[in-house]
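Worth saying up front: this structure is predicted, and the values here are computed from it rather than measured. Read the numbers this way: they start at 1 and go in the same order the structure lists the ligands and their atoms.
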Amino acid sequence: MMETIGKHIVRIPVLDSTNRYFMDWLTREEPEEGTIVITDRQTSGKGMDGNAWESEPGKNLTFSFVLYPHFLAPDAQFYLNKIVALGLSDLVSSFLPGQENIRIKWPNDIYINDLKVAGTLIQNGIKGSVIDYAVVGIGLNVNQEAFSGAAANPVSMKIISGKEFDLDTMLEKAVEKIEHWYDLLKKGIKKDIDEAYLGRLYRYQQLADYVYKGSTIRAKITGVNRYGQLVLEIPGEKIIECDLKEIACLTPQPP
Ligand code: BTN
């Protein structure tokens, strides 16, 4: 049921970055909403914060799609992060039945236990008081069996389950799950989105160590504010609200 997302799929065997391709395309044309660009081999994948996204050719999903969420004010753009993360966590859960610990690590990584299985890079274009377009780029580690040391705590669905997954089926289901949450957002059902997001948030309400503006703090995540900043409480001290650049999570590293 590819209603909007995935109605048109552009497959390009080798590409530097599916997000970069879309950003270029949007300077010339307006591809139909939901159009997907997918590649088997991404040679210069972009992660958040300027990091590179590593993916072994032909093993994983690396794709982007475009949305035109004109109904959304720029200061509500974090809802796009939320709906994509919810869709992706639904997807991973549906393919890994019995796996309890599938979480959203703020802002929109998908974690299984303490390991990252998927990342999303959303690039928004703002025009006046609305979001003109959003390019949503997704990297989901599916069948890759080993990662180079450069990537931070990666894992794949195959490493977790021992099983090989069909990438076309995975893509079809991914967009179905994301579209479900995008529909709720279009209908303005933000409360359900907020509750589901917090309910799946990695380390929500748990005390843990973080590096905040250069020093280690012990704090617990208590929410996400309306701008999408992470809200943490240092018990007995203060509440802090921070952007991605200001906080790092001391995730336990695998042996
Ligand atoms: C992150 O976790 O840092 C975000 C990773 C996003 C990677 C995907 S792969 C497809 C799309 N094209 C890119 O260049 N990046 C995104």
Side-chain angles (χ1 to χ4, degrees), residues 5-6 9-27 31 34-67 77-78 80-89 91-92 102-112 114-125 133-144 147-157 165 167-168 170-172 174-175 177-178 197 200-202 228 230 243-249 251:
I5 311 172
I9 302 182
V10 179
R11 292 181 185 271
I12 303 177
V14 185
L15 206 56
D16 55 350
S17 151
T18 55
N19 266 48
R20 202 276 316 145
Y21 183 91
F22 246 122
M23 296 302 280
D24 251 28
W25 193 1
L26 284 162
T27 62
T35 299
I36 291 178
V37 171
I38 183 162
T39 188
D40 283 340
R41 179 192 285 263
Q42 190 170 242
T43 55
S44 185
K46 296 179 201 317
M48 290 181 73
D49 244 7
N51 297 327
W53 182 258
E54 207 194 292
S55 180
E56 196 180 325
K59 298 276 183 176
N60 304 313
L61 284 182
T62 47
F63 68 102
S64 304
F65 57 87
V66 66
L67 298 176
Q77 59 185 260
F78 195 71
L80 296 175
N81 299 65
K82 286 186 179 175
I83 58 124
V84 173
L86 286 167
L88 282 179
S89 59
L91 173 79
V92 174
I102 297 164
R103 304 248 161 249
I104 298 169
K105 178 170 172 280
W106 177 85
N108 51 11
D109 292 345
I110 306 300
Y111 265 42
I112 303 175
D114 292 311
L115 301 173
K116 176 167 169 171
V117 72
T120 301
L121 174 65
I122 302 181
Q123 295 179 270
N124 292 316
Y133 65 81
V135 170
V136 178
I138 292 171
L140 172 66
N141 297 331
V142 183
N143 293 323
Q144 187 162 338
F147 292 85
S148 88
N153 56 336
V155 77
S156 70
M157 296 177 63
F165 297 90
L167 294 178
D168 287 337
M170 191 73 74
L171 176 67
E172 193 181 316
V175 299
K177 302 285 187 194
I178 294 168
Y197 183 85
R200 297 180 197 184
L201 200 56
Y202 177 71
L230 189 66
D243 292 322
L244 194 57
K245 289 171 289 299
E246 296 171 327
I247 188 120
C249 183
T251 309

Residue list, salt bridge (charged side-chain N to carboxylate O under 4.0 Å, His left out) with [X], at least two apart or on another chain:
| X | result |
| --- | --- |
| R200 | D90 |
| D16 | R20 |
| K177 | none |

Task: Side chains of N153 and Y111, donor plus acceptor under 3.5 Å - done: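 Checked: N153/Y111 side chains pair up, N/O donor to acceptor below 3.5 Å.
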
Task: Every residue of the protein that comes under 4.0 Å of ligand 1, judged on heavy atoms - done: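 Within the 4.0 Å shell of ligand 1, which is judged on heavy atoms, sit S17, T18, N19, Q42, G45, K46, G47, M48, W53, T62, F63, S64, D109, K116, G119, T120, L121, G137, I138, G139.
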
Open item on the list: Donor-acceptor pair, distance only, cut-off 3.5 Å: does the side chain of N19 make one with the backbone of L121?
Closed with: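 Here the side-chain-to-backbone pair exists.
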
Open item on the list: Run L15 and Q42 through side-chain contact (heavy atoms from CB on, under 4.5 Å) and show every step you take.
Closed with: CA-CA 5 Å; L15 206 56; Q42 190 170 242; 5.6 Å; no

